[in-house]
Amino acid sequence: MTSPPLSGKVALVTGGSRGIGLAIARALTSEGVNVGITGRSASHLSTARREIEAAGPGMVETLQADVRDYAEVERAVAAVTARFGGLDFVVNNAGVGVFVDVADMTPSQWSEVLETNLSGVFHVCHAALPHLKQRGAGFIVNISSLAGKNAFAGGAAYCASKSGLNAFSEALMQEVRYDNIRVSYVMPGSVVTGFSVDESRGADWKIAPADVAAVVLVLFRANPLPLPRRVETRPAKPRK
């Protein structure tokens with residue numbers, strides 16, 4: 001069975017104005033996919049739009065939305081489907097990290113991480129699923145992290161959110177597979193994204209955002225019969 005063509009498909013990428021999300025959006029538009037990206041910063045979205053358009057030939061729509069707010073997510077999904085006539089791919093990439101010990105973490109910090117990294121994914125999937133079902137097929141890729149299975153001190157909120165995301169993805173995969181909607185999650189290790197405060201101190205050993213984007217393209221190009229539900233990718237030679 002041949003791989004399905006990507007050109008002419010429609011994708012929504014959350015957190016698409018920087019880092020991994022921006023790399024995924026660029027990779028998709030370079031394949032002829034029309035892409036809508038969400039982000040909270042209008043200035044970041046404006047800069048990202050120029051970068052994504054340069055990757056062409058796919059078109060891009062920028063949507064200012066906070067995934068923690070379901071109404072904003074609904075509006076973003078509706079805008080993408082109205083602009084491009086439907087929805088085929090969803091990439092849940094929007095995420096935040098607060099790395100402090102539990103004793104020092106504020107309730108608002110905990111809520112920000114869980115609401116963005118976990119509830120935000122639910123919001124997007126809930127709003128997008130009717131459009132994917134209407135299309136008769138679709139693919140949801142959730143960007144998780146190796147932190148979802150490898151917990152570390154100072155990362156309680158982040159690790160919990162990504163562990164929950166993994167379980168959510170597994171359950172959702174079983175719920176929608178007979179609707180011809182595929183669900184996978186990608187668990188990168190250390191990535192150069194500006195996410196970590198220590199990236200300025202030598203990060204040539206880390207994965208590039210484009211490397212994660214390449215994994216997403218492989219998933220979208222894959223034959224529909226087998227489902228690579230979970231993909232782990234990590235630096236080949238991590239810092240000793």
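Hydrogens, waters and symmetry mates are skipped; everything else that's a heavy atom, side chains included, is used. All values derive from a computational prediction rather than experimental measurement.
- Cys159 approaches Ala151 most closely through the heavy-atom pair SG-CA, 3.7 Å.
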Inset, instruction - Test side-chain contact (heavy atoms from CB on, under 4.5 Å) on Leu217 and Leu6 and set out the steps. - result: CA-CA 9 Å; Leu217 284 184; Leu6 298 185; 4.0 Å; yes
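- Distance check, rounded to the nearest 0.5 Å: CZ of Arg234 to OG of Ser190 gives 10.0 Å.
- In this structure, the side chain of Thr81 engages the main chain of Val77 through a donor-acceptor pair within 3.5 Å.
- Arg83 and Val60 get closest at one heavy-atom pair: NH1-O, 3.5 Å.
- For the atom pair Leu165 CG and Ser119 OG, the distance stands at 11.0 Å (nearest 0.5 Å).
- When all heavy atoms of Tyr158 and Asn117 are compared, the pair lying nearest together is CD1-ND2, 3.7 Å.
- Under a cut-off of 6.0 angstrom, the local environment of OH in Tyr178 is sparse, with at most 12 non-hydrogen atoms contributed by other residues, nucleotides or ligands.
- Following chains of ILVMFWY side-chain contacts shorter than 4.5 Å, one cannot reach Val90 starting from Tyr70, and the two form parts of different hydrophobic clusters.
- The ring pair (Phe, Tyr, Trp, His ring centres under 6.0 Å) check on Phe122 picks up His126, with sequence neighbours excluded.
- Remark: side-chain polar atoms of Ser30 are paired, donor with acceptor, to backbone N or O of Ala27 under 3.5 angstrom.
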Inset, instruction - With side-chain contact (heavy atoms from CB on, under 4.5 Å) as the test, would you mind laying out the steps for Thr233 and Asp211 before giving the verdict? - result: CA-CA 9 Å; Thr233 181; Asp211 298 325; 5.9 Å; no
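- Taken to the nearest 0.5 Å, the CG atom of Asp69 stands 11.5 Å off from the CZ atom of Arg40.
- With rounding to the nearest 0.5 angstrom, the CG atom of Leu132 is 5.0 Å from the CG atom of Leu87.
- Of the possible polar contacts, none joining the Asp179 side chain to the Ile181 backbone as a donor-acceptor pair under 3.5 Å is found.
- Residues Leu146 and Val231 do not share a hydrophobic cluster, clusters being chains of Ile/Leu/Val/Met/Phe/Trp/Tyr side chains in contact below 4.5 Å.
- Nearest approach of Val10 to Gly86, heavy atoms of both residues: CG1-O, 3.2 Å.
- When the salt bridge (charged side-chain N to carboxylate O under 4.0 Å, His left out) test is applied to Glu31, the partners found at least two apart in sequence or on another chain are Arg221.
- With sequence neighbours left out, Phe139 forms a ring pair (Phe, Tyr, Trp, His ring centres under 6.0 Å) with Phe220.
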Side-chain atoms of residues 91-98: list all donor-acceptor pairs with protein atoms under 3.5 Å, sequence neighbours left out, distances to 0.1 Å.
| residue | atom | partner | partner atom | Å |
| --- | --- | --- | --- | --- |
| Asn92 | ND2 | Asn142 | OD1 | 2.8 |
| Asn93 | ND2 | Thr14 | O | 3.3 |
| Asn93 | ND2 | Gly15 | O | 2.9 |

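- Every pair tested for ring-ring contact (aromatic ring centres under 6.0 Å, His included) that includes a residue from residues 14-63 fails, sequence neighbours excluded, so the list is empty.
- The main-chain N or O of Ile143 is found under 3.5 Å from a side-chain atom of Lys162 such that the two form a donor-acceptor pair.
- Partners of Arg182 by salt bridge (charged side-chain N to carboxylate O under 4.0 Å, His left out), not counting sequence neighbours: none found.
- Between Arg68 atom CZ and Leu114 atom CG the span is 12.0 Å, to the nearest 0.5 Å.
- To the nearest 0.5 Å, atoms CG (Asn166) and CE (Met187) are separated by 4.5 Å.
- Closest heavy-atom contact between Ala25 and Ile52: CB-CD1, 3.6 Å.
- Of the listed residues (Leu22, Ile24, Val141), just one forms a side-chain contact (heavy atoms from CB on, under 4.5 Å) with Val13, and that residue is Ile24.
- Shown here are the salt bridge (charged side-chain N to carboxylate O under 4.0 Å, His left out) partners of Asp88, two or more places apart in sequence or in another chain: Arg135.
- Under the side chain to side chain contact (heavy atoms under 4.5 Å, CB included) criterion, Arg229 pairs with Glu170, Met173, Tyr185, Leu227, sequence neighbours left out.
- With a 4.5 Å cut-off on side-chain heavy atoms, Leu219 and Val186 count as touching.
- Of the possible donor and acceptor atoms, one in the side chain of Ser184 sits under 3.5 Å from a partner among the backbone N and O of Pro228.
- Residues Trp205 and Pro238 approach most closely at CE3-CA, 3.6 Å, considering heavy atoms.
- A search for salt bridge (charged side-chain N to carboxylate O under 4.0 Å, His left out) contacts involving Arg75 returns nothing, not counting sequence neighbours.
- When the side chain to side chain contact (heavy atoms under 4.5 Å, CB included) test is applied to Ala79, the partners found at least two apart in sequence or on another chain are Leu63.
- Thr29 places a side-chain N or O within donor-acceptor distance of the main-chain N or O of Arg26, the cut-off being under 3.5 Å.
- Residues satisfying the side chain to side chain contact (heavy atoms under 4.5 Å, CB included) test with Asn180, not counting sequence neighbours, are Ala137.
- In terms of the side chain to side chain contact (heavy atoms under 4.5 Å, CB included) criterion, residue partners of Thr47 (sequence neighbours excluded) are, by chain and number, Arg50, Glu51.
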